Amino acid sequence: KETEKRGGILHRSTVPTTINRIGSKYTVEYRGKSGRKESVQADAVVSTIPLRALFSTIHPTPPATLVDSVNGLQATSLLMFYVVVDAPRLLTANWIFFPESKYHFARLSEQKGFSEEMVPKDRTVLLIEIPFASREIQVMDHDRLLSETIEQLGEVGILKPEHKILDQFTAFDEAIYPKYDLAWKEKLGRILAYTDHLPGFYLNGRHGLFCYNNMDHSMEMGVTLAD
């Protein structure tokens, strides 16, 4: 709202398709909800999207060796399973980690652990993070995976017999956590060396900089860049 109040224009629900660099200026083409191709002229570009998605849009096309570095950076996939329960709270902490391989999930968190205002007082929302790292999880039937996850939440004492599940839904991110192998710094260094020489072109955020940080850190990075 503050951006629009100051005269800024936000193009929501859009997907960038091409970033054309002409000298020190850019033409950014994108598609909106209507599917119609549109474009904006830019003096500067700040990208927070995954590097693979970004480099597939840049023109002139970056060198093949650089594209290899981009494709060489790996990230893990995650299924986010949300369960709405008829209880004021389920956890006494913001997060609980489960390193045991016998559980489908690796971490639980509760929205009310961050703010009681996020969910009505008579219910709560539990976020169950299911990493798609193992072949077993990747090929498992979706409904079976969710059903077994609910059973395991009962086994660890999070969901009790008196709890009623009011709703449940999922979201999936195929590249949510950077995976740091022995060569990631070298690959990222080549990418940054290239983008640093593009006038008015900036990478930022978790996906943009292949940086495992949290939302508050990403917001701080945005403010720092703007300053």
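Index from 1, following the sequence. Only a predicted model underlies this, so the values are computations on that prediction, with no experimental measurement involved.
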Next item on the list: Check the side chains of Glu29 and Ser39 for a donor-acceptor pair under 3.5 angstrom, ignoring hydrogens and angles.
Entry: no
Check: Any side-chain donor paired with an acceptor under 3.5 Å for Gln111 and Thr124?
Finding: no
Check: Below 6.0 angstrom between ring centroids: does that apply to Phe210 and Tyr180?
Finding: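 Yes, close enough.
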Check: What is the distance from atom CG of Leu146 to atom CD1 of Ile130, rounded to the nearest 0.5 Å?
Finding: 6.0 Å
Note to self: Rounded at 0.5 Å granularity, tell me how far OH in Tyr212 sits from CZ in Arg206.
What the structure shows: 6.0 Å
Check: Considering only heavy atoms from C-beta outward, does the side chain of Phe55 approach that of Thr195 to under 4.5 Å?
Finding: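 Yes - at least one pair of side-chain heavy atoms lies under 4.5 Å apart.
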I'd like to know if [X] and [Y] make a salt bridge, using a cut-off of under 4.0 Å between side-chain N and carboxylate O.
| X | Y | value |
| --- | --- | --- |
| Arg89 | Glu116 | yes |
| Lys187 | Asp68 | no |
| Glu38 | Lys33 | no |
| Glu2 | Lys5 | yes |

Checklist line | Phe114 and Trp95 aromatic ring geometry - parallel, tilted or perpendicular at 30°/60° bounds | finding: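 Trp95 and Phe114: perpendicular rings.
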Next item on the list: Give the ring-plane orientation class for Tyr103 versus Phe98, where under 30° counts as parallel, over 60° as perpendicular and anything between as tilted.
Entry: perpendicular
Note to self: If you compare all heavy atoms of His104 against all heavy atoms of Gln152, which two are closest, and at what distance to 0.1 Å?
What the structure shows: N-OE1, 2.8 Å
Notebook entry, point to check: Can you check whether Leu159's main-chain N or O pairs, donor with acceptor, with Glu162's side chain at less than 3.5 Å?
Noted result: no
Check: Are any side-chain N or O atoms of Asp141 and backbone N or O atoms of Asp143, one a donor and one an acceptor, separated by less than 3.5 Å?
Finding: yes
